[in-house]
Structures are given as structure tokens and as C-alpha cells.
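In what follows, a structure is listed as C-alpha cells, so that the remarks can point back to it.
Here, residue 1 is the first one in the sequence, and each next residue gets the next number.
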Amino acid sequence: QRRVREAVVSTQSTGNTYNTTTVSITNSWIKTGLKPRCITRDLKWGTPVPHEDYKGKVFYVWFDAPIGYISITANYMKEWELWWKNPENVTLHQFMAKDNVPFHSVIFPASLMATGEKWTLVNTLDGIDWLQYEGTKFSKSRGTGVFGDQAVETGIPCDIFRCYLLLNRPETSDTNFTWDSLAQTNNNILLNNLGNFVLRALTFCKNSFGSTIEKITLNADDEHFIALVNGHLSSYYKHFDERMMSRAFECVFAISKIGNQYLQYNAPWVLTKGSDADKQRAGSVISVATNVAALLSVIISPFMPTMSKILQEQINMPEEKKLFTESFVPLLKPGHIIGQPFPLFSKMEDASVAAFKTKFAGQDSSSSAPVTDVENLQREIEKQGNKVRELKSSKASPDLIKSEVAILLDLKKKLPAELQQKPSNGKNKPSAKPQAKPQPKVQNPPKAKVEITPEIAALQKQIEAQGQKVRELKGQGVDKIIIDAEVKVLLDLKSKLPPELRPQPTGKKGKKK
């Protein structure tokens, strides 16, 4: 006990080695004194105790499991002792849920010390607090919460979940997963902040400068902006060293936020219409912004690897330029040609959020407040049904169609029982059904003529342009995630048209290949 206490005190005294949760749990064990604890279980599964007197017993998992860290290394390499018996030259970092902290901060180190050999002991240990689901506990047995396999079925890109969970990582206290806050993270932080900045920078570079990085001539405004970027970049690395992942991630969005402000302040779309000097200034601004987008593509890679890769492909970023630099460096030199920019993110709609809430509420969902506004719900169902039909007629990806169908079905389940259509299974049909008399065909009334206002005409142009973009992306064979995002944008635009002007799905199915 004395040696364990000394080791714990020594480790904590060296600085930021244990986070607050780990310190609290470990010290409570040390202060109350170490007590005898059983390390075996009367179970049929597990690691058998290698002793004649303990046949039929297995090791308790949290005594046995940490030994696996060493044995796995030993099975992987002959030089395993360079890692596990080399405390002077090896730093051991561990991350875990807070209920496993004492096994790693007290019990396992004590087991290693008891051998009398020189082992590498844990240097930094972060016990992570609980992540709750909509104010309650995740529970597989009750079906409460969204788990890994179900997250895939939602159709939401995995990097969106990564972003949200890392920003809400319970580093100092319990945090809460909610579908509303996930949608806010997607729509406000990713779509309107990060996604907006990089798309503006790259699109302006493509449209106004032939996709080419221009010569950069910095003025005082540029230098001030770069100083702000460097300040956030320094904080990014500092928080990483402190294992504060959520705070490090926040620095990414701080950079993209001031990037949007930089573009707005300099207004390159105005400068390009001015004198030659103004156009050169616009080239500098956009080339600085594009280089900041390149920086962002690197520093998001630990958090959002898929989006990082997609953004770097849009920038046409050479492998040797994908560097973590201590300060901002314009790695894209004059003459560099970027690729094809397109949106990284798409909006998460309220209907989707409502459907996910219902789907993953678990067994207690029946006790939730009843839906009182049936008419609004029916309108949502009609809108979602049209969206599904549009996706099918436009031959969108099966995964996207599947996720939107799931939303439609969940919305239908919220209808009162008497309004829900029961599927026919063909059973219990009467043996003979009287032949119905043919009814005279009723002519549909002619559709009311819709006045094409300037707003509607502008919307139709947007739809035409977005449709062309979708077709071009499909022809280029870009990532399915991007195509699905652009298809959603197209459908959202079409839904804003008056019903009489919306294209009707043909109902025709493509031939099977």
C-alpha cells in the first residue's frame, strides 16, 4: 500500500498527468486504504486460473484484462520489453470510462510492483464521465439510444457523429446526447461555419481565378488575420497535449469562423470588378483563404478523417503538403491548381430529427406526449413521401433512399391508430366477391394556373443549376456521401415550389441489370 500511494503521489505531482475525475477516484481508494479483493469468479467462461487448487475458476476480468496489454505486445514483437520494462524512456497514456479507473490507477500498478521487477507504469490516465441519451441512460435492452450499427442505418455520415461526440466528450462532467443538439451542430457549426468557409474560398478560387492560387501580397489586415489563426492553432496543440480533445476541436471552428469574417470584410466579389490593383488584392485574399482551408483539412483529420480526405481532394493537395505546422504556412504556392469544390455538409431537417427521436426512444416511448396536431403530421408525411418518390425517380443511392423511407415509416407510426393504413396480407378474403359495376371515369379538374413570379423564376433557375450539379457529380464518380448531400439540396429546393409546379414522379422502374 505504501508503494502504491508513493507512486500515485509521485505521478500526480509531476503535472497534468491525471484528469480531475481520475484524481478524485484514485485518491478515494488510497485514502480509505487498500482492502483484500477477490480476483476469481465461479464462471465457465474467462481465463482459467493456472493452479490445481482453483480448477473451475476464472480470473476476474479487470484483474486479467490489463495483463493483456503486455501479452498482446509480446505476441506482436520480440522487443516488447523495450516498451513495458523501460519506464525511463516510455510514457504510457490511457483513456477509459471512469468506472474502470481504479483497476488501472491502483490495482494493476500494484500487481506489477508486487513482482519486484521494473515495469512501465501509467503516466497519464483520463477517466471519462458518462454520456447520457436525451436525459436518461443508454440501454440496449430497452432500445434506448442510438448504437453503432443503428448509427450507420440513419444515413448520417459517420464524421457528423464523430464531430458531435467529440465536441460533447464528457471530459470534466457527464454530457448528454440529444438529436436537437446533433442537428444544431450539423447545421450551425459544420454546414454554416466550417463548410461555408471552405466552399466560399474554393468556389471563388475556381470561378474568379481559374482554380489557380495567385501571388500573395500581405497587408496589415492579412497579417492580423494570420495572427488570429496562429493563436487558435497554438491553443489547438496545447489542448491536444492536455488531452482535452473537445477544446482542441473547438479551435478548428474558431479558425473557420474568423475565415468567414475575413472573406466578408475584404469582399473579394467586389474587388474582382474593380481596378487591376483591386483584382490583385482579391487574388491575395482568396489565395490566403484557400491556404487556410488547406490548413483546416489537416487539423480536422484526427476528428473527421473522411471529410478531411474529401476536402484535400477538392484542394488537390499533394501528399507532401499534408503537414501539421506549428504556425500558418501558405503551403499552396502560386500556380497550384485546385480541384472541383462542392458542399461537404447538408442540412439536417426537423422532420428527420423528430423521426430519430421516436425511433430510438426505447420502450418508454409509448408514454411520451401524444401527437395532437394530426394535420401537421399528415403534411409532414406527404412531404416526406414526395421526397422518397423523388429520390427513387432520380436513382439516388439505396442507402439514402433507405434512410428516408425509415423516416417516412416512423412519421406514419405517430398517426393515431385509426388513421394508420394496415398492410394487406391477402388472408381471410371472402370466397366469392360480387363483381362491382364499372363506374364512369371521372375527369380530373384542370390544374389552376400558377403565376410565375420573379421569386419562383429565380427558384426554378436554382433548381436547374442544382440539378446540373448533381448530374455532373454523378458523371465524375465522386464520393456517394457528396452526391447524396447535393440530391438533398435539390429536393429541398423543389419542395419550395408551389405543388402545381413540382415535377411528378413517373413511377417507372429501371431495368434490372
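Residues G127 and N19 come closest through the heavy atom pair O-ND2, 2.9 Å. Scanning both residues, S141 and S139, for their nearest heavy atoms gives OG-OG, 3.1 Å. Taking each heavy atom of V353 and W179 in turn, the nearest pair found is CG1-CB, 3.8 Å. Of all non-hydrogen atoms in P334 and E214, the two that sit nearest each other are CG-O, 3.8 Å.
Proximity of the aromatic rings of Y133 and F356 is defined here by a centroid distance below 6.0 angstrom, and this criterion is not met.
At a threshold of 4.0 Å, the pair D222-R281 counts as salt-bridged, since one of the basic side-chain nitrogens sits closer than that to a carboxylate oxygen. Using a cut-off of 4.0 Å between Lys/Arg side-chain N and Asp/Glu carboxylate O, K238 and D241 are scored as not salt-bridged. At a threshold of 4.0 Å, the pair D278-K273 does not count as salt-bridged, since none of the basic side-chain nitrogens sits closer than that to a carboxylate oxygen. Salt-bridge check for K98 with D174: passed, with a basic side-chain N closer than 4.0 Å to an acidic carboxylate O. Between K322 and E319 there is a salt bridge, since at least one side-chain N of the basic residue sits less than 4.0 Å from a carboxylate O of the acidic one.
When side chains are defined from C-beta on, N192 does not count as touching F345, because their heavy atoms never get closer than 4.5 Å. F177 places none of its side-chain heavy atoms less than 4.5 Å from the side chain of Q132.
Looking at N230, its side chain never comes within 3.5 Å of a backbone N or O of S327 through a donor-acceptor pair. Between the side chain of Q150 and the backbone N or O of F147, at least one donor-acceptor pair lies under 3.5 Å. Distance alone, capped at 3.5 Å, places no donor-acceptor pair between the E134 side chain and the A361 backbone. A donor-acceptor distance shorter than 3.5 angstrom exists from the side chain of S284 to the backbone of T217, with no hydrogens or angles considered. With hydrogens and angles ignored, the 3.5 Å screen pairs no side-chain donor or acceptor of D126 with any backbone N or O of F95. For S308 (side chain) and S297 (main-chain N/O), a donor-acceptor pair under 3.5 Å exists by modelled atom type. Although no hydrogens or angles enter the test, the distance criterion places no donor-acceptor pair under 3.5 Å between the side chain of S287 and the main chain of I216. Using a distance-only test at 3.5 Å, with no hydrogens or angles considered, a donor-acceptor pair links the side chain of Q314 to the main chain of F342. Looking only at distances, no side-chain donor or acceptor of N266 sits under 3.5 Å from a matching main-chain atom of P268. For the pair N187 (side chain) and M348 (backbone), a donor-acceptor distance under 3.5 Å is present.
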task = Assess whether side-chain contact (heavy atoms from CB on, under 4.5 Å) is satisfied between N291 and L295, documenting all intermediate values.
result = CA-CA 6 Å; N291 268 284; L295 169 68; over 6 Å; no
task = Please assess K206 against L202 for the test side-chain contact (heavy atoms from CB on, under 4.5 Å), listing each intermediate value before the final yes or no.
result = CA-CA 6 Å; K206 174 180 180 291; L202 300 187; over 6 Å; no
task = Mind running ring-ring contact (aromatic ring centres under 6.0 Å, His included) on F328 and Y236 for me, showing each step along the way?
result = CA-CA 13 Å; F328 171 71; Y236 170 90; over 10 Å; no
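Summarising the local packing, CG of D350 is surrounded by 12 or fewer heavy atoms from other residues, nucleotides or ligands at distances under 6.0 Å.
Residues passing the salt bridge (charged side-chain N to carboxylate O under 4.0 Å, His left out) test with E349, sequence neighbours excluded: none. In this structure D99 satisfies the salt bridge (charged side-chain N to carboxylate O under 4.0 Å, His left out) test with no other residue, sequence neighbours excluded.
Taking NZ of K347 as the reference point, atom CG of L191 lies at 8.5 Å (rounded to 0.5 Å). A distance of 15.5 Å separates OH of Y262 from OG of S256, quoted to the nearest 0.5 Å.
For the residue pair T21 / D129, a side-chain donor-acceptor distance below 3.5 Å is found, with atom types taken as modelled. Counting only N and O atoms by type, the side chains of N260 and N196 include a donor and acceptor under 3.5 Å apart. A donor-acceptor contact closer than 3.5 angstrom is absent between the side chains of Y164 and N186.
Paired with V198 under the rule side chain to side chain contact (heavy atoms under 4.5 Å, CB included), one option of T203, T290, L296 passes, and it is L296.
Classified by interplanar angle (parallel below 30°, tilted 30° to 60°, perpendicular above 60°), the ring pair F249/F303 is parallel.
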